[in-house]
Asks: 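Provided herewith is a single structure, encoded as structure tokens, for subsequent inquiry.
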Amino acid sequence: MNEFDLFRRNAVDVIEARELEKRLASAAAQGKKLRIKFGMDPSSPDLHLGHSVQLLRLRAMQELGHQIVLIVGDATAMVGDPSGRNKLRPQLSRIDVERNLVTYTDQAARVLDMSKTEVHRNSEWFDAMRFEDVLRLAAKATVARMLERDTFEKRMEAREPIGVHEFLYPLMQGWDSVMIKCDVEIGGTDQLFNLLVGRELQEREGQIPQICLTFPLINGLDGRKMSKSYGNAIQLTESPNEMFGKVMSLSDAVMPMWFDTLTALDTAERDALLAGHPREAKARLAAEITSFYHGPAAASAAREAFDRQFRDKEAPEDVPEVDVSSRLPAEGLPLMVLLRDLELASSSSEARRTIEQGGVKLDGEIVRDPKYIVTALAESLLVQFGKRKFQRWR
RNA sequence: GGGGAGAUUCCAGAGCGGCCAAAUGGGCCAGACUGUAAAUCUGGUGGUAUCACCUUCGGCGGUUCGAAUCCGCCUCUCCCCA
């Protein structure tokens, strides 16, 4: 794959492809690096695989020798990006933003070589702005232009609130591009509008407008758009076992997209896997992803643990032990109460329901009576609550 | 400044004096089946040592034997007109 194709691999929008080709050529001819910007909004503390789609592209570009510039949108975060949202985002305090910022750069380091990455927070330039500077910036856009944006349009239709400050977000993001003299900005497809505003502002400031590349917003485990608030995302910091297991719970239909955007496998290899057994394909996908973040050894261990627990339906190796005997009165305690007290169930009602539905096993035997009395334990007791929670009681 | 609409259980969204712990869908949990924590089907989904009580329908008061449902004020939101 040549440089041009590597840049636009998986890209949905390329504005403009010919400009990109030319710029790559002239950069190569002059031995210059392109400055490639990616903005992160530290409004929630964790990055997930959805973000990694972009990070992986950045890594590829970094490996080609280009300069990655991460913008941590600490100033922008206090506005709240309206992209892909149909609700007003809460504005964050400086303290929240600071805390998230640290975890963000740590997590980005799981994909990028941070020693070669330039990092800026956009408060570097926005904090110095006076109100008149803000007005001057705001004057560079029109309300009509802002309303073209489909997220605003939808919210207008749905009669949902739009804060005036939200109109500033695209301008701020665009201004970031001006400040760092950006050559290429990448983002999710929902960022296209913001990226284009960057082009306009750069042009007004006499810079060559940036190339804009957008990449797919991937679907989450349940097939809906991946989002932390849907609970269908996989965090970059997740343990190998969790990461592997969660990928295995991916809806089949989403597999092709994940292969393309989250692994380095080429199309032929992907197609061969998808033509085979779906479970094998998914296991390979899970292994690829887990291995990228945790290494091959951890990935194969995760696979073994998964097969053991879910295919062979055996208890995992590392079942936590809990001392139960010391808290048992002579007459014992009902199972539902113990399950709650030991935090396997969040309430005794939940414990009761799960027991009645046949979801609780003691030493492999289903117990259906919530009032089953647990008395002094002669030997240890293996407790399974639902599919995934295990404890060994002593 | 004026007029109208609305705030419901995790989310969306019904309910509009008792039959409402509150329809339906999504999510989630469990079970069956299986290829897996896929798909599909079934059941469950406020709390309580649980079958009777307790706390929920933006907030505070009020009317009533009885309120998510009626009234008053407050907070927040949306739309239209200016």
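Sequence lines set the chain letters: A, B, ... in the order given, protein chains first and strands last, and positions in each chain run from 1.
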Asks: For A/Ser251 and B/A38, is the shortest distance between a side-chain N/O and OP1 or OP2 below 4.0 Å?
Replies: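 No.
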Asks: Taking N and O atoms by type only, does the side chain of A/Asp252 place a donor or acceptor under 3.5 Å from a partner on the base of B/G35?
Replies: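 Pair found.
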Asks: What orientation do A/Trp125 and A/His120 show, parallel under 30°, tilted 30 to 60°, or perpendicular over 60°?
Replies: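 Aromatic pair A/Trp125/A/His120 classed tilted.
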Asks: Tell me which residues in residues 265-275 of chain A put a heavy atom below 4.0 Å from RNA chain B, sorted by number, or none.
Replies: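 Hits under 4.0 Å, by residue number: none.
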Asks: Please list all pairs passing the salt bridge (charged side-chain N to carboxylate O under 4.0 Å, His left out) test where one or both residues lie in residues 193-205 of chain A, with sequence neighbours left out.
Replies: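 Qualifying pairs: A/Glu19-A/Arg199, A/Lys140-A/Glu205, A/Arg145-A/Glu200.
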Asks: Which whole number of Å gives the distance between the C1' atom of B/U8 and that of B/U77?
Replies: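 Pairwise C1' distance, B/U8 against B/U77, rounds to 15 Å.
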Asks: Considering only heavy atoms, which members of residues 279-308 of chain A lie under 4.0 Å from some atom of RNA chain B?
Replies: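 Under 4.0 Å from RNA chain B: A/Arg279, A/Lys282, A/Phe306.
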Asks: Applying side-chain hydrogen bond (donor to acceptor under 3.5 Å, both in side chains), which residue pairs with at least one partner in residues 363-389 of chain A are found, sequence neighbours left out?
Replies: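 Pairs touching residues 363-389 of chain A that pass the test: A/Ser380-A/Arg392.
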Asks: Using a 4.0 Å heavy-atom cut-off to protein, can you give one letter per nucleotide of nucleotides 29-34 of chain B, 5' to 3': B if the base is in contact, S if only the sugar-phosphate is, - if neither?
Replies: SSS--B
Asks: Which residues pass the side-chain hydrogen bond (donor to acceptor under 3.5 Å, both in side chains) test with A/Arg284, not counting sequence neighbours?
Replies: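 Here the qualifying residues are A/Glu269, A/Glu288.
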Asks: Among all residues two or more places apart in sequence or in another chain, which pass the side-chain hydrogen bond (donor to acceptor under 3.5 Å, both in side chains) test with A/Asp260?
Replies: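 A/Arg270.
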Asks: So which of residues 340-348 of chain A are in contact with RNA chain B, with a heavy-atom cut-off of under 4.0 Å?
Replies: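 A/Arg340, A/Ser347, A/Ser348 - these, ordered by number, are the residues of the stretch whose heavy atoms sit under 4.0 Å from the strand.
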Asks: Taking for each residue the nucleotide of RNA chain B with the nearest heavy atom, is it A/Leu333 or A/Phe244 whose nucleotide lies nearer the 5' end?
Replies: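 Nearest-nucleotide comparison on RNA chain B picks A/Phe244.
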Asks: Could I get the full list of side-chain hydrogen bond (donor to acceptor under 3.5 Å, both in side chains) partners for A/Glu356, not counting sequence neighbours?
Replies: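 For A/Glu356, no residue satisfies side-chain hydrogen bond (donor to acceptor under 3.5 Å, both in side chains) once neighbours in sequence are set aside.
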Asks: Apply ring pair (Phe, Tyr, Trp, His ring centres under 6.0 Å) to A/Phe310 and list each qualifying residue two or more places apart in sequence or on a separate chain.
Replies: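 Applying ring pair (Phe, Tyr, Trp, His ring centres under 6.0 Å) to A/Phe310 gives A/Phe306.
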Asks: Who pairs with A/Glu132 by salt bridge (charged side-chain N to carboxylate O under 4.0 Å, His left out), at least two apart in sequence or on another chain?
Replies: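 For A/Glu132 the salt bridge (charged side-chain N to carboxylate O under 4.0 Å, His left out) partners, ignoring immediate neighbours, are A/Arg130, A/Arg136.
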Asks: From the options B/A49, B/A38, B/U48, select the nucleotide whose nearest atom is closest to the side chain of A/Pro334.
Replies: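 Nucleotide nearest to A/Pro334's side chain: B/A49.
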Asks: Looking at residues at least two apart in the chain, or sitting in another chain, which of them share a side-chain hydrogen bond (donor to acceptor under 3.5 Å, both in side chains) with A/Asp323?
Replies: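 So A/Asp323 forms a side-chain hydrogen bond (donor to acceptor under 3.5 Å, both in side chains) with A/Ser326.
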